[in-house]
> 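Here's a structure for you.
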Amino acid sequence: MTIPATESKPVSTKATRNIRVYSTLSGRKEPMQTVQPGKVGIYLCGPTVYKPSHIGHMVGPVIFDVIKRYLTYCGYQVTLVVNVTDIDDKLIHESKNRGLTMPALAEEMTADYLRNLAAMGVDTIDHFPRATANIDGIIRFTQGLIDKGFAYVSDGDVYFEVGKDSGYGKLSRRSVEAQQGEGGEMAARKRAPGDFALWKGAKAGEPAWDSPWGKGRPGWHIECSVMSHAILGKTFDIHGGGLDLVFPHHENEIAQSESLHGQPQAKYWLHNGLMQAADEVGKVGGRQTRGADAAQLGADQQAQTAAKISKSKGAGPFRELLAKHAPEAIRLLLISTHYRSPILFSEDEIVRNAEKLETFYRFFKRYQRLTGEDVYTLPAARSAAEGDFSSGDDPLLVELARQRAAYLDKMDDDFNTAGAIGHLFEIVTALNRYVEERKLEAALKAGDEERAALRRGALVVRELGGILGLFRQAPKAPAAGGDELVGKLVGLLIELRNEARKTKNFAAADKIRNELAAMGVKLEDRAGGTDWSIAK
RNA sequence: GGCGCUGUAGCCAAGUGGCUAAGGCAGCGGAUUGCAAAUCCGCCAUCGUGGGUUCGACUCCCACCAGCGCCUCCA
């Protein structure tokens, strides 16, 4: 599409952004106003480290990695905290099963988690507090709640008394009366079924710490209240986590923290959708299946369902997924859906996202051919102000500025990465169109003005991609493609084929190309010569 | 049963009370190419079903259908 001349006017982006976030607490989008000007404190609930992480564990970190990148880009000083819960019933059970000490198990699984985050390019987390390193704080916090009358000691356990907290249920919109609580031995020690443990007396053989109430260990929830307070303060800006943590985990955190401190724990509660695994083929995740497929499935009673991945067979160790797929493709999959929506997981979907990335990679190669510059070494802007540029009336620059502005608007709107990505594609299309219209590939080279225009485009792609954690470095070549001998052999075949093409022996030329294609080697003829690549 | 979320083209997925309902994949037509590939241009949806509110809804309300999460640490 050609830009009408009347619209070729300068476009500028505002340096200060108006960011809106959806908070589970209010149930609507709210303008983000930080506790302290220019600063944002974020606490994200991390894993209980008793098993290797699966892809579901990557959703929150990747999303909040993007959120931090964007807020930083907008000029905020952001502190991102992700806790590691390393004391819990599940850890105790699993360590017994494996014949390990609990700390040894926690250490192993924490290392696995951190390795996976690193592989995914999540390097924006400032603190990884661990529950077992904060036992003193947990005891003090618990004692504070007892002193204030919100908690009571019962036979070595300490429970939070839900009935004492008038605000209880405000996050998950549940009434105290509706809480059934767990049954069994613990129920007998509680005043009300909904009361939950802040501290659990130790059973024989369990890890335990000394406390005013005897030997024991922290309950679930309390560590997050304590650690978020210790690092971010009584009231911080954003508390995040998976949708499955709304109740009871976050509800109980709020109860503990706000009862003790008498002020809100967090201004905004952001919850990401859960990754789901398809049990059967076809559309899942809340959509109806229609037409012939539905009839067939119905007849076979194979109504497809999806399930939270952590409870499905799809929850294999993440490191196995990393061995097969590019981290950047996995990242793109995770951010191609709005963070509050469920993401349907399948390996096919990762492959589709890898193919989407090729559009960008091909443009980067094209850019290198035309300008001699490596896109990855360009000095991409790291803030909105830095990235602003004057478009003048050049149609390409106007389009770039327009798409960039639209992209940022999407990000302002509750971090709408899926919408923003659409503009990223539009930008590449505009740049390719520019190259086509000016026939730059045939000329083998761009002129000065054209180089400047393309450079601006490449800079914008890097700038906006960088917000999403994309295009930070060149993707690793497929292992098979890195083989030196393969390169030489393919080079020889290309040479033979091009000689055949010169003598118009197209049968021979096509045979070489087709046979190579069958082996997964793709050839592309262009003015400057023939390129080849290994098909994924 | 309760609370919450979701249902947009063959597939993935944004979005809006009323201009042409983003973008990607696939498909079709064209440009380009010796032929391809890549790239560009064009085509391809009335928004789960049924009501209601409204001058007007896909976008608000109700019901229904379908799916998902949680309803306490149990496995």
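The shown structure was predicted, so the numbers you read here are calculated from the model rather than taken from an experiment. Computation of the quantities below employed the complete heavy-atom set of this structure, encompassing side-chain atoms and omitting hydrogens, waters and symmetry-equivalent molecules. Numbers restart at 1 for each chain; the letters A, B, ... are given by sequence-line order, proteins then strands.
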> If rA66(B) has a Watson-Crick or G-U wobble mate with both distances under 3.5 Å, name it; if not, just say none.
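Checking every strand shown, rA66(B) finds its partner in rU6(B), with both distances under 3.5 Å.
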> For K356(A), does the NZ atom have more than 12 heavy-atom neighbours from other residues, nucleotides or ligands under 6.0 Å away?
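Atom NZ in K356(A) is packed in, count exceeds 12.
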> For N416(A), which contact category applies under a 4.0 Å heavy-atom criterion: base, sugar-phosphate, or nothing?
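Sugar-phosphate, backbone atoms only, no base.
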> Sort out the partner of rU46(B) for me: Watson-Crick or G-U wobble, both distances under 3.5 Å, none otherwise.
none
> Can you check the K170(A) NZ to rC70(B) C1' distance for me, whole Å?
19 Å
> Toward the 5' end of RNA chain B, which comes first, K504(A) or R173(A), by nearest nucleotide?
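Here R173(A) is the residue nearer the 5' end.
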> Starting at the 5' end of RNA chain B and moving along, which residue's nearest nucleotide shows up first, N353(A) or D88(A)?
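Going by which nucleotide is closer to the 5' end, it is N353(A).
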> Ignoring the backbone of R352(A), work out which of rC11(B), rG69(B), rC71(B) is nearest its side chain.
rC11(B)
> Do F360(A) and F425(A) have ring centroids that are under 6.0 Å from one another?
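Close enough - the centres of the two rings lie under 6.0 Å apart.
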> Tell me yes or no: between the side chains of T48(A) and T85(A), is some donor less than 3.5 Å from an acceptor?
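No, no side-chain donor-acceptor contact under 3.5 Å.
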> Could you tell me whether the side chains of Y407(A) and E463(A) share a donor-acceptor contact shorter than 3.5 Å?
no
> Using atom C1' in both nucleotides, what's the gap between rU59(B) and rU6(B) to the nearest angstrom?
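Comparing C1' positions in rU59(B) and rU6(B) gives a spacing of 16 Å.
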> Whole angstrom is fine here: how far is it from CG in L25(A) over to C1' in rC3(B)?
15 Å
> What's the NZ-P distance between K356(A) and rA13(B), to the nearest Å?
9 Å
> Starting from P on rG67(B), measure out to CG on L243(A) and report it in whole angstrom.
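My rounded result for the distance is 19 Å.
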> Just name whichever nucleotide pairs with rU59(B), Watson-Crick or G-U, keeping both distances under 3.5 Å, else none.
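WC or wobble partner does not exist here.
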> Between rU16(B) and rC25(B), how far apart are the C1' atoms? Round to whole Å, please.
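Looking at atom C1' only, rC25(B) and rU16(B) are 25 Å apart.
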> Across the strands shown, which category fits H249(A) at heavy-atom distances under 4.0 angstrom: base, sugar-phosphate, nothing?
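The answer is nothing, as H249(A) stays clear of every strand by at least 4.0 Å.
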> Let's go through E258(A) and K170(A) carefully: what are the C-alpha distance in whole Å and the side-chain angles of both, what is the deciding distance for salt bridge (charged side-chain N to carboxylate O under 4.0 Å, His left out) to 0.1 Å, and is it a yes or a no?
CA-CA 12 Å; E258(A) 302 192 356; K170(A) 66 181 178 184; 2.7 Å; yes
> Rounded to whole angstrom units, what separation is found between the CG atom of N252(A) and the C1' atom of rC71(B)?
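Computing the N252(A):CG to rC71(B):C1' distance gives 12 Å.
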> Sticking with atom C1', work out how far rU49(B) lies from rC65(B), rounded to a whole angstrom.
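Going atom to atom, C1' in each nucleotide, I get 7 Å.
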> Which nucleotide sits closest to the side chain of R497(A): rA14(B), rU72(B), rG34(B)?
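When the side chain of R497(A) is considered, rG34(B) is the closest of rA14(B), rU72(B), rG34(B).
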> Which whole number of Å gives the distance between the C1' atom of rG2(B) and that of rC44(B)?
44 Å
> Mind checking R438(A) for me? I need base, sugar-phosphate or nothing, with any heavy atom below 4.0 Å counting as a touch.
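It contacts nothing in the nucleic acid.
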> Heavy atoms from C-beta onward define the side chain here; which of rC35(B), rG24(B), rC70(B) lies closest to that of R513(A)?
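Shortest atom-to-atom distance from the side chain points to rC35(B).
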> From CE of M411(A) over to C1' of rG15(B), roughly how many Å is that when rounded to an integer?
16 Å
> Which heavy atom of R366(A) sits nearest to which heavy atom of N432(A), and what is that distance?
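Here R366(A) and N432(A) meet closest at NH1-OD1, 2.7 Å.
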> Nearest heavy-atom pair of T530(A) and I494(A): which atoms, and what distance?
CB-CG2, 3.7 Å
> For rC28(B) versus rC19(B), give the span between their P atoms, rounded off to a whole number of Å.
32 Å
> For nucleotides rA36(B) and rG27(B), find the distance between their P atoms and express it as a whole number of Å.
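Pairwise P distance, rA36(B) against rG27(B), rounds to 15 Å.
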> Using a cut-off of under 3.5 Å, enumerate the N/O to N/O pairs linking the protein to nucleotides 37-39 of chain B.
{"unit_1": "rA37(B)", "atom_1": "N1", "unit_2": "D525(A)", "atom_2": "O", "d": "3.4"}
{"unit_1": "rA38(B)", "atom_1": "O3'", "unit_2": "R362(A)", "atom_2": "NE", "d": "2.9"}
{"unit_1": "rU39(B)", "atom_1": "OP1", "unit_2": "R362(A)", "atom_2": "NE", "d": "3.2"}
{"unit_1": "rU39(B)", "atom_1": "OP1", "unit_2": "R362(A)", "atom_2": "NH2", "d": "3.0"}
{"unit_1": "rU39(B)", "atom_1": "O3'", "unit_2": "N432(A)", "atom_2": "ND2", "d": "3.3"}
{"unit_1": "rU39(B)", "atom_1": "O2'", "unit_2": "R366(A)", "atom_2": "NH1", "d": "3.3"}
{"unit_1": "rU39(B)", "atom_1": "O2'", "unit_2": "E436(A)", "atom_2": "OE2", "d": "3.1"}

> Could you let me know what rU16(B) is paired to, Watson-Crick or G-U wobble, both distances under 3.5 Å, or none if it's on its own?
none
> Pairing check on rA21(B): which nucleotide meets the Watson-Crick or G-U wobble criteria with it, both distances under 3.5 Å?
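Result: none.
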> Is K29(A) atom NZ crowded by more than 12 heavy atoms from other residues, nucleotides or ligands, each under 6.0 Å away?
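Result for NZ/K29(A): enclosed.
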> Measure from NZ on K203(A) to P on rC74(B) and round the result to the nearest Å.
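My rounded result for the distance is 7 Å.
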> Classify the nucleic acid contact of E349(A) as base, sugar-phosphate or nothing, counting any heavy atom under 4.0 Å across all strands shown.
sugar-phosphate
> Which heavy atom of R189(A) sits nearest to which heavy atom of Y152(A), and what is that distance?
O-CE1, 3.9 Å
> Quick one: I421(A) CD1 to rA22(B) C1', roughly how many Å, whole number?
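It is 12 Å, rounded to the nearest whole Å.
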> Suppose you measure atom C1' in rC68(B) against the same atom in rG48(B); what distance do you get, rounded to whole Å?
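So the two C1' atoms sit 15 Å from each other.
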> Pick the C1' atom in rG18(B) and in rG24(B), then give their distance to the nearest Å.
28 Å
> Could you tell me the Watson-Crick or G-U partner of rU53(B), where both distances fall under 3.5 Å? Say none if there is no partner.
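The answer is none; no pair meets the criterion.
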> Counting side-chain heavy atoms from C-beta on, which of rA75(B), rG34(B), rG23(B) comes nearest to H93(A)?
rA75(B)
> Might you point out which heavy atoms bring A329(A) and I350(A) nearest each other, and give the distance in Å?
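It is CB-O, 3.8 Å.
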> Does rA38(B) have a Watson-Crick or wobble mate here (both distances under 3.5 Å), and if so which one?
none
